[in-house]
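Taking it in order: structure first as structure tokens, then the write-up.
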Amino acid sequence: MKILEANAGALTNFEVLDFLRAKGASKDPTRVIAKVEQSEYKVYDYLVDTAASDQTRESINEFLTSIKRHDLAKAEVLNILNTRPAAEVELFPIIESCEGRFPDEEVTEIVELVTRTLPPPPSMKQEEITKGDEETATLKNENDEVIQDPMDTR
């Protein structure tokens with residue numbers, strides 16, 4: 001491989017994960033098949049559990065096209081892509097002087113753009129499922145307690 005332009009810019013987590021997958025990194029438990037270094041596997045293991053694992057080039061391009069109308073620095077856009085904030089409060093540490101630069105409506109619009117164009121990370125999907133199961137279990141327990149309580153004189 002020949003380097004055409006050294007240090008051309010920062011990479012998104014998706015690009016790093018895509019590179020590692022192309023190099024042969026996977027969830028193979030033996031990890032002896034691919035020519036991937038141990039440190040690269042550690043990076044791969046981390047990135048697989050982030051928003052980058054479900055992103056696609058199309059979703060990133062759609063996001064980049066849509067976010068242009070907001071006055072964000074390249075580093076801010078990169079951090080939004082890598083962290084995929086799901087609430088307004090998560091944007092404030094990413095965007096410098098967010099309160100002064102953007103009205104609340106625009107911050108909400110940026111979050112809606114993120115949630116509409118970028119897929120949620122795997123951990124967020126699992127949390128939603130677990131939360132739903134806990135609520136169902138709680139409701140079942142409440143119903144069981146009412147039915148099974150022989151001392152209830154109502």
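Below, all heavy atoms of this structure are taken into account, side chains as well, without hydrogens, waters or symmetry copies.
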Check side-chain hydrogen bond (donor to acceptor under 3.5 Å, both in side chains) between [X] and all other residues, then give those that pass, not counting sequence neighbours.
X	result
Glu88	Thr108
Glu62	none
Asn82	none
Ser53	none

Should Val77 and Leu17 be counted in the same cluster of Ile, Leu, Val, Met, Phe, Trp and Tyr side chains packed under 4.5 Å apart?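 No: no chain of side-chain contacts under 4.5 Å links Val77 to Leu17.
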Transitively linked via ILVMFWY side-chain contacts under 4.5 Å: Phe19 with Tyr46?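 As far as the 4.5 Å side-chain criterion goes, Tyr46 and Phe19 are connected within one cluster.
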[atom1] of [X] to [atom2] of [Y]: how many Å apart, nearest 0.5 Å?
X	Y	atom1	atom2	value
Phe63	Arg116	CZ	CZ	10.5 Å
Phe102	Leu72	CZ	CG	4.5 Å
Leu113	Ile80	CG	CD1	8.5 Å
Glu40	Lys23	CD	NZ	3.5 Å
Asp18	Asn13	CG	CG	12.5 Å

So Phe14 and Thr50, do their side chains get closer than 4.5 Å, heavy atoms only?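 The answer is no, as the side chains (C-beta and beyond) never meet within the 4.5 Å cut-off.
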Do the side chains of Leu64 and Leu81 get nearer than 4.5 Å, heavy atoms only?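 Yes; the side chains approach each other to less than 4.5 Å.
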Sequence-distant partners of [X], side-chain contact (heavy atoms from CB on, under 4.5 Å), two or more places apart:
X	value
Thr56	Glu58, Ser59
Ala51	Gln55, Arg84, Pro121
Val16	Leu11, Leu20, Val43, Leu47

Quick check: closest heavy atoms across Thr83 and Asn79, and the distance to 0.1 Å?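 Result for this residue pair: OG1-O, 2.7 Å.
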Considering only distance and modelled atom types, tabulate donor-acceptor pairs under 3.5 Å from the side chains of residues 93-101, sequence neighbours left out.
from, atom 1, to, atom 2, distance (Å)
Arg101, NH1, Glu76, OE1, 3.4
Arg101, NH1, Glu76, OE2, 2.7
Arg101, NH1, Glu96, O, 3.0
Arg101, NH2, Asp71, O, 2.5
Arg101, NH2, Glu76, OE1, 3.2

Are any side-chain N or O atoms of Glu15 and backbone N or O atoms of Thr12, one a donor and one an acceptor, separated by less than 3.5 Å?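 Looks like yes, one N/O pair under 3.5 Å.
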More than 12 heavy atoms of other residues, nucleotides or ligands under 6.0 Å from CZ of Phe92: is that the case?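 Enclosed: over 12 neighbouring heavy atoms sit under 6.0 Å from CZ of Phe92.
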